[in-house]
Amino acid sequence: MNRVRACLYLSVFVIMGLSDAVVPILPDLSADVLGQSTLFSAYFAGALVSMIPLGMLSDRYDYAPFILLSLVLTAVSGFMIFCSDCHAVLVSARFVEGCACGAFFPAAFSILARFENPKRYIGEFNFLLNFGLAAGVAVAAALKYYHLKAGVLTFSLLALAALAMSFSQNNGTMIRNAPQSARDTIDGIFTVLLNERYLQMWFTAFILFGGTGVIVAYFPSFTNLGAFTSGIALSGVYVGTMITSLVGGRMNLTERRMIKAGALITGIGIIITVYHPIGLTIMGAGSGFALIGLVTGVASLDVSSGTAMGVFNTYTYAGFAALPVFTAAILGYFSYAGVFWIFGILVAVLALFPLRMLGR
């Protein structure tokens, strides 16, 4: 395997694994619900505020150092969580962990997009992203009986291994960006944010991934399954995404068709979830297709790659963060089933967007 891709693959597995290794031990890190919510949300806050600025800077200077920076921040945040029980320190560590994602994803997606056959490699990358999320929860839950933060320590040590690999890549083998002037960087962000041609892409990312976040967040409350069975059902989201990430990356479909198909499948999966948990796996499968199409589609736009990837990831994380909160506000007016139907239809309708900026 190409050494650059190997570095990115290990890095995304570790970064995502650490982000979810905290989830099974949240009740042990903070006794009250507000404290747990703060710990969980601090990660998304860090990602949201850093994606666009760090994506712009990666265009301004180079992609490779931001991969290195992301792993440094990941390792630092992991050891902060492991070594401290102070709530303020833990919240700060989660915020730093989110900033690590802000440094990593715009640069990593930009590098992968420059390979020949980028859809295949972005699919493999997305497979390991979801495998990391699943592994983080599983490892942390399995090891907490030996030490509460053993899962966090495991992925923090793996971050050091990925960091060592990244150092070797920065010595000359990492794909490099042609640095931009400050004026070009500023012009690029205004083009990406304000040009109405791209708003369909950003809206699709916000609704599609935010909608899946709503289903994952509220499925345990919606279903009468036990905690164990509900957890198994939710793992189907990861399984579906992992399968289509590998398969979709090897299919001869345009980005436009892949996004449309992914949105439609995701919407159908959400509606099926009202009646059977298999809908979660279908939903995950659709989002896997959509993500490959969106990332490769964003890479094909005639704009600065790091900046565009930063905007795309910001909208994605904003959807994950905002739509579950919005759903909590409307649950007094709709049942869980009604909310699932609303988001299922809303996501499926995204398939009607023409997405003309992507060609045929």
Side-chain angles (χ1 to χ4, degrees), residues 11-12 14-27 29-58 66 69-109 129 132-133 136-137 140 149 152 155-156 159 189 192-193 202-203 205-214 216-218 306-307 309-329:
S11 298
V12 74
V14 170
I15 290 172
M16 290 294 97
L18 182 59
S19 73
D20 259 19
V22 172
V23 173
I25 62 173
L26 277 175
L29 296 178
S30 180
D32 62 281
V33 175
L34 178 61
Q36 294 172 29
S37 176
T38 304
L39 279 173
F40 185 78
S41 301
Y43 168 82
F44 291 99
L48 282 172
V49 302
S50 62
M51 285 284 184
I52 293 177
L54 293 178
M56 290 173 61
L57 289 173
S58 69
F66 287 86
L69 173 63
S70 70
L71 292 168
V72 170
L73 294 177
T74 297
V76 167
S77 66
F79 286 111
M80 285 173 66
I81 294 170
F82 182 77
C83 295
S84 178
D85 293 320
C86 172
H87 185 73
V89 173
L90 295 176
V91 171
S92 298
R94 288 284 287 172
F95 183 84
V96 170
E97 193 181 352
C99 292
C101 287
F104 180 73
F105 281 106
F109 279 133
L129 185 158
L133 289 171
V137 172
K149 300 179 183 179
V152 172
F155 283 97
S156 299
I189 186 61
V192 172
L193 284 175
W202 313 145
F203 186 77
F206 179 84
I207 295 296
L208 191 145
F209 295 110
T212 62
V214 168
V216 170
Y218 290 101
T307 301
M309 292 297 179
V311 172
F312 164 71
N313 281 284
T314 297
Y315 273 90
T316 298
Y317 274 85
F320 280 129
L323 290 187
V325 175
F326 169 76
T327 300

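All values below come from the heavy atoms of this structure, side chains included, with hydrogens, waters and symmetry mates left out.
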Nearest-0.5 Å distance that lies between atom CZ in Phe203 and atom CD1 in Ile207: 4.0 Å

Thr316 side chain reached by Met51 side chain, heavy atoms, under 4.5 Å: no

Check: Ser84 main-chain N/O paired with Lys149 side-chain donor or acceptor under 3.5 Å: yes

Considering all heavy atoms, the nearest Leu73-Ala100 contact: CB-CB, 3.7 Å

Side chains of residues 18-25: which donor-acceptor pairs under 3.5 Å do they make with residues two or more places apart or in other chains?
| residue | atom | partner | partner atom | Å |
| --- | --- | --- | --- | --- |
| Ser19 | OG | Met16 | O | 2.7 |
| Asp20 | OD2 | Tyr238 | OH | 3.4 |

Atom of Gly102, atom of Ser50 and distance for their closest heavy-atom approach: CA-OG, 3.3 Å

Side-chain touch Tyr43/Phe95, heavy atoms, less than 4.5 angstrom: no

Where Tyr218 and Pro324 come nearest, the two heavy atoms and their spacing: OH-O, 2.8 Å

Spatial distance of atom CZ (Phe209) from atom CG (Leu323) [nearest 0.5 Å]: 12.5 Å

Least distance between heavy atoms, Gly55 atom then Ser58 atom: O-OG, 2.7 Å

Nearest non-hydrogen partners of Phe155 and Val14, listed with the distance: O-CG1, 3.5 Å

Side-chain heavy-atom pair Pro106, Leu54 within 4.5 angstrom cut-off: no

Approximate separation, where rounding is to 0.5 Å, of Thr212 OG1 and Phe320 CZ: 4.5 Å

Heavy-atom side-chain contact between Leu71 and Ile15 under 4.5 Å: yes

SG on Cys86 to CE on Met80, rounded to 0.5 Å: 9.5 Å

Ring pair (Phe, Tyr, Trp, His ring centres under 6.0 Å) partners of Phe82, counting only residues at least two apart: His147

Euclidean distance, Arg94 CZ relative to Cys99 SG, rounded to 0.5 Å: 12.0 Å

Shortest non-hydrogen contact between Ser11 and Phe104, atoms and distance: CB-CE1, 3.6 Å

Rounded distance [0.5 Å steps], CZ in Phe206 versus OH in Tyr315: 9.0 Å

